[in-house]
Amino acid sequence: MSGPAEAPAPAPAVTAAAFRRAFPMLERTVHLASCSLGARSDAVDGSLARMQEAIGAHGAPWDRFEREIHEARENFASLVGAAPDQIAVLPNASVGAYQVVSTLSLETPRTEIVTTVEEFPSIAHVWLAQRPRGARVVFTGDRDAGRIRTADYTAVLGSGTALLSVPMSTYQYAERPPVAEIVEAGREAGALTFVDAYQAVGVMPVDVAEIGCDYLVAGTMKYLAGLPGLAFLYARAGLATDRDPQLTGWFGRVEPMAFDPLRLDFPAVARRFETGTPAVPAVYAANAAFGLFDGVDWADVRRHVGALIELAARTLTAQGERVRRAETPELQGAHLGLYDADPRSLAGWLAARGIAVSPRGPVVRLSFHYYNSAADVEALCQAMRAFRALTGPALTVPVPLPKVRPPA
């Protein structure tokens with residue numbers, strides 16, 4: 001008689017080196033542009049081939065597509081600590097923002113949308129587009145300071161605030177504001193709260209329960225290493241909005257397969273925010289990319305990224321470069337800002353030498369992921385030494401930021 005079965009050994013933790021091996025392109029490219037578009041993996045390539053095979057074998061395999069969409073919803077829910085019914089599948093973060101604000105009446109007394117000058121422009125534009133409906137958009141903060149503080153929000157929150165919006169990590173300088181504190185301040189003022197986590201999810205822990213927000217949006221094409229065309233909106237259970245979202249489609253119905261053109265009903269779950277058919281290739285790619293994160297220790301991801309940022313900042317500064325980073329590691333997101341008189345030209349020069357970066361305003365953004373290594377940092381720094389040898393010394397004073405005058 002055999003003894004009791006032994007419990008299976010726990011799966012080994014995924015290391016940074018093992019994670020990197022899933023991205024063969026990194027053997028020939030230094031990819032420091034994940035804040036714009038994530039690196040390409042074999043898993044994503046395989047998922048697209050699998051989708052094509054399904055179409056070739058079955059013609060119109062909608063049942064398979066529906067399973068992939070449901071799986072993507074579950075995967076993102078698990079990633080951010082939500083239930084699948086709290087997740088809507090959408091084409092991009094801007095649609096997610098619009099779906100949220102379209103449910104608000106924006107009538108007296110609550111007519112204000114409070115945000116920050118560090119908001120990603122596409123989200124801020126959605127808020128500004130609500131002014132014809134009576135919205136008053138209040139921008140907090142100072143671009144010169146580059147910080148988002150709780151006090152900036154509490155100074156303007158009040159009984160007139162309908163919605164508070166805050167990024168989890170800013171898109172230009174990767175500053176991490178005290179999101180949970182700001183969200184709590186918004187809720188105390190009676191406002192709904194919206195968090196843009198696009199520059200955070202995939203490189204740091206994101207837990208909607210810890211944040212305490214009503215809504216959170218993120219997408220797949222950046223640090224989640226998927227493709228453009230897919231985003232997710234978390235909506236806290238039990239929210240009572242003033243009306244149904246104004247943009248809709250057949251995926252936003254109680255029973256999409258009913259195909260009833262005469263009935264407009266909205267499910268009581270987050271699917272009510274969905275519109276038409278999602279970008280199916282991006283859905284397949286997302287599920288493959290989510291699989292790459294299975295077994296990843298998010299604390300180790302955060303440590304690894306932080307160490308690379310510190311190494312890059314220290315080395316570049318020693319070479320005479322001017323970099324923009326947060327005051328403390330706790331406030332630092334996943335990228336640095338490297339000042340240059342012509343960031344676009346510098347990005348093009350680096351790209352021609354196999355180093356992908358992302359220019360934004362007066363800086364070139366240098367973003368770091370779990371798949372990046374110290375060798376990537378050395379390759380960048382060596383390239384910058386060669387660039388300065390050709391063009392002259394780096395800027396000694398940062399290019400001044402354009403003054404932002406929030407619209408009235």
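Only a predicted model underlies this, so the values are computations on that prediction, with no experimental measurement involved.
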For [X] and [Y], which heavy atoms make the closest approach, and how far apart are they?
X	Y	result
T116	P167	CG2-CD, 3.7 Å
S345	D342	OG-OD2, 2.6 Å
A286	T220	CB-CG2, 3.8 Å
S367	Y223	CB-OH, 3.3 Å
A22	L292	CB-CD2, 3.8 Å

L37: side chain to side chain contact (heavy atoms under 4.5 Å, CB included) partners, not counting sequence neighbours: M221, P228

In plain terms, say whether [X] and [Y] are close enough for a salt bridge, that is, a side-chain N and a carboxylate O under 4.0 Å apart.
X	Y	result
D244	R272	no
D340	R388	yes
R67	E71	no
R325	E175	no
E378	R385	yes

Do [X] side-chain atoms and [Y] backbone N/O form a donor-acceptor pair below 3.5 Å?
X	Y	answer
Q52	L48	no
S165	T115	no
Q99	L247	yes
E112	V114	no
T315	A312	no

Enclosure of R243 CZ (heavy-atom neighbours >12, cutoff 6.0 Å): yes

More than 12 heavy atoms from other groups under 6.0 Å of CZ on R302: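 It does: R302 CZ has more than 12 such atoms within range.
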
Candidate pair F194 and L216, rule side-chain contact (heavy atoms from CB on, under 4.5 Å), full reasoning: CA-CA 6 Å; F194 178 94; L216 180 141; over 6 Å; no

Just so I know, are the side chains of [X] and [Y] near enough to count as touching, which here means a heavy-atom distance under 4.5 Å?
X	Y	result
M168	I211	yes
V95	L233	no
W250	F259	yes
I148	I182	yes
M51	P281	yes
R360	P343	no

L346 vs M384, side-chain contact (heavy atoms from CB on, under 4.5 Å): CA-CA, chis, key distance, verdict: CA-CA 9 Å; L346 172 55; M384 289 306 304; 3.9 Å; yes

Residue list, side-chain hydrogen bond (donor to acceptor under 3.5 Å, both in side chains) with D376, at least two apart or on another chain: R20, N372

By side-chain hydrogen bond (donor to acceptor under 3.5 Å, both in side chains) - contacts of H125 (at least two apart): none

E74 side chain to H70 side chain, donor-acceptor N/O pair below 3.5 angstrom: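 Side-chain D/A pair, E74 to H70: present.
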
Would you check if the distance from the ring center of [X] to the ring center of [Y] is below 6.0 Å?
X	Y	result
F293	Y370	no
F139	W127	no
F368	H304	no

Parallel, tilted or perpendicular: ring planes of F273 versus Y215, cut at 30 and 60 degrees: perpendicular

Qualifying side chain to side chain donor-acceptor pair (under 3.5 Å) pairs with a residue from residues 178-197, counting only residues at least two apart or across chains: T150-E181, T193-D214

Side chain to side chain donor-acceptor pair (under 3.5 Å) contacts touching residues 27-36 (sequence neighbours left out): S34-Y371

Residues R50, E68; criterion salt bridge (charged side-chain N to carboxylate O under 4.0 Å, His left out); working and verdict: CA-CA 12 Å; R50 185 163 54 86; E68 291 286 337; 2.8 Å; yes

For residues 327-336, which side-chain donor-acceptor pairs fall under 3.5 Å, sequence neighbours excluded?
unit_1, atom_1, unit_2, atom_2, d
E327, OE1, R147, NH1, 3.2
T328, OG1, E330, OE1, 3.3
Q332, OE1, A326, N, 2.7
Q332, NE2, H335, O, 2.7
H335, NE2, Y171, O, 3.2
H335, NE2, Q172, O, 3.2
H335, NE2, A174, N, 3.3

For [Y], is the NZ or CZ atom of [X] found under 6.0 angstrom from the centre of its six-membered ring and inside 45 degrees of the ring axis?
X	Y	value
R324	Y173	yes
R64	W62	no
R253	F266	yes

